[in-house]
Amino acid sequence: MFSHFTLGSNDLERSQDFYAPVMAALGQPLVEASMEHGYLMFAPVDQRHPHLFVCRPFDGLPATWSNGFHIAYTAPDKSAVDSFHATALAHGGFDDGVPGLRPQYAEDYYAAYVRDPDGNKLQAVCYLKGRSADSGGDVISHVTIGQTDLDRERKFYNAVLGTLGMAELPEENDETTVCFGLDHAQLPLLYVGAAFNGLPATWGNGTHVAFTAASRDAVRAFHATALAQGGSCEGAPGLRPQYSENYYAAYVRDAVGNKLQAVCRNPS
């Protein structure tokens, strides 16, 4: 369901020093770097399209991290979680949660949390019972997005994600979080909830989540639904040939300001 992510950087050389070894530890080597054009690209070795972009923000303003947002990568085992954490700290990152079991989430939830030099939050998690959020075994476990009004965001994300084939998973919700995923999966893909530090959720300049859409009609529905539910337009549906020939996408922001994208790479 996820196409790719972007995270903002204020120093690309510093970001490359951090992300090249950390992403390699997660099976996603650096595939392209352009200091001139302001981006780093990482991709799983067996996938065609880049999965993570670390870049200077498009608006030319400083990159900022998003309070309430983080990307959780699936690790194959406990040692990979440990390696992710140690590698991040050895290359300029910061500890945000040492490796270990988190039984408050599940008895088999073994995870570690770090922040990059710009403050962006990353996680590696291994489900010791072999569970996954996507039956296809995606490299992503889940993503969290911060909210400040749960009822408002539940309505928005139910409608918007519904255009992409995702649905709310009520059994996974609690008083501060609403969860979304695929009906055949064992775990949620997306958590929308209050920030863990108790401070207001904020959007990050340079941060966005791109979802894969099955068709151009789905991209248009995603955009129209977001606007009808109180979101704002950040880029109308259309081809973006600067990315690739059939790259048809739309961009929106939720009420907090979190940036979302839907993209279809199929020919019309």
Side-chain angles (χ1 to χ4, degrees), residues 2 5-10 18 22 52 54 57 61-74 81 84-85 88-89 93-106 109-125 133 140-158 160-161 166 168-181 187-211 226 229-232 234 252-261:
F2 296 114
F5 306 90
T6 68
L7 295 172
S9 170
N10 291 303
F18 172 84
V22 170
L52 176 68
V54 181
L61 298 175
T64 58
W65 57 275
S66 171
N67 193 38
F69 177 85
H70 83 269
I71 306 170
Y73 289 94
T74 301
V81 173
F84 158 83
H85 185 265
L89 270 57
F94 303 93
D95 171 50
D96 210 44
V98 298
L101 284 168
R102 265 71 180 181
Q104 67 270 34
Y105 301 138
Y109 195 105
Y110 188 90
Y113 303 79
V114 301
R115 290 188 182 270
D116 75 3
D118 288 290
N120 297 301
K121 187 175 179 180
L122 307 172
Q123 176 189 357
V125 55
I140 289 294
S141 167
H142 60 274
V143 173
T144 68
I145 293 178
Q147 59 83 20
T148 56
D149 184 328
L150 189 62
D151 290 338
R152 179 188 65 193
E153 300 309 327
R154 171 183 276 116
K155 182 181 177 185
F156 175 88
Y157 279 95
N158 261 296
V160 171
L161 296 178
M166 295 174 65
E168 182 178 348
L169 304 178
E171 65 276 10
E172 300 288 343
N173 295 346
D174 61 28
E175 64 275 10
T176 65
T177 305
V178 58
C179 305
F180 300 88
L187 296 165
L189 281 165
L190 183 71
Y191 295 78
V192 180
F196 293 121
N197 60 10
L199 299 176
T202 60
W203 60 276
N205 196 33
T207 298
H208 90 269
V209 178
F211 298 94
Q229 296 294 328
S232 58
E234 191 73 6
V252 300
R253 290 188 184 272
D254 69 9
V256 173
N258 296 298
K259 187 176 178 181
L260 310 172
Q261 175 188 355

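Starting from 1, each residue takes its place in the sequence as its number. A quick note: this is a predicted structure, and the numbers were derived from the prediction, not measured.
Annotation for Ala63 and Ser9: closest pair CB-N, 3.5 Å, computed over non-hydrogen atoms. The nearest pair of heavy atoms linking Thr74 to Ser141 is OG1-N, 3.2 Å. Considering every non-hydrogen atom in both Arg102 and Ala111, the closest pair reads NH1-O, 2.6 Å. Of all heavy-atom pairs spanning Asn197 and Leu199, the tightest one is OD1-N, 3.0 Å. Of all heavy-atom pairs between Leu189 and Phe2, the closest is O-CZ, 3.5 Å. Nearest approach of Ser66 to Asn258, heavy atoms of both residues: OG-OD1, 3.7 Å.
Between the CD atom of Gln123 and the OG1 atom of Thr144 there is a distance of 8.0 Å, given to the nearest 0.5 Å. In this structure, the separation between CG on Asn120 and CZ on Phe94 is 11.5 Å, given to the nearest 0.5 Å. Here the straight-line distance linking atom CD of Glu153 with atom CG of Asn158 works out to 11.5 Å at 0.5 Å rounding. In this structure, CG in Leu101 is found 11.5 Å from OH in Tyr109, a value given to the nearest 0.5 Å. A distance of 10.5 Å separates CZ in Phe5 from CG in Leu122, rounded to the nearest 0.5 Å. The distance from the OG1 atom of Thr177 to the CZ atom of Phe196 is 6.5 Å, given to the nearest 0.5 Å.
Inter-residue side-chain proximity for Leu52 and Tyr73 is flagged as met; some heavy-atom pair is nearer than 4.5 Å. For the pair Trp203/Asp254, no side-chain contact is recorded, criterion being any heavy-atom separation below 4.5 Å from C-beta on. Tyr105 places none of its side-chain heavy atoms less than 4.5 Å from the side chain of Val125. Between Phe211 and Met166, the closest side-chain pair of non-hydrogen atoms falls below 4.5 Å. Using a 4.5 Å cut-off on side-chain heavy atoms (C-beta onward), Lys121 and Leu7 make no contact. With a 4.5 Å cut-off on side-chain heavy atoms, Phe69 and Thr202 do not count as touching. A 4.5 Å side-chain heavy-atom check between Leu150 and Thr176 finds every atom pair outside the cut-off.
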**OP:** May I have the step-by-step check of side-chain contact (heavy atoms from CB on, under 4.5 Å) for Val54 and Phe18, ending in yes or no?
**Re:** CA-CA 11 Å; Val54 181; Phe18 172 84; over 6 Å; no
**OP:** Please step through side-chain contact (heavy atoms from CB on, under 4.5 Å) for the pair Val256 and Arg152, ending with a clear verdict.
**Re:** CA-CA 10 Å; Val256 173; Arg152 179 188 65 193; 4.0 Å; yes
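Taking the six-membered ring where tryptophan is involved, the planes of Tyr191 and His142 are perpendicular, since the angle between them exceeds 60° and thus also 30°. The aromatic rings of His70 and Tyr113 sit perpendicular, their planes meeting at an angle over 60°, well past the 30° parallel limit.
Proximity of a side-chain donor or acceptor of Asn205 to a complementary backbone N or O of Pro62 within less than 3.5 Å is detected. Between the side chain of Asn67 and the backbone N or O of Gly146 there is no donor-acceptor pair closer than 3.5 Å.
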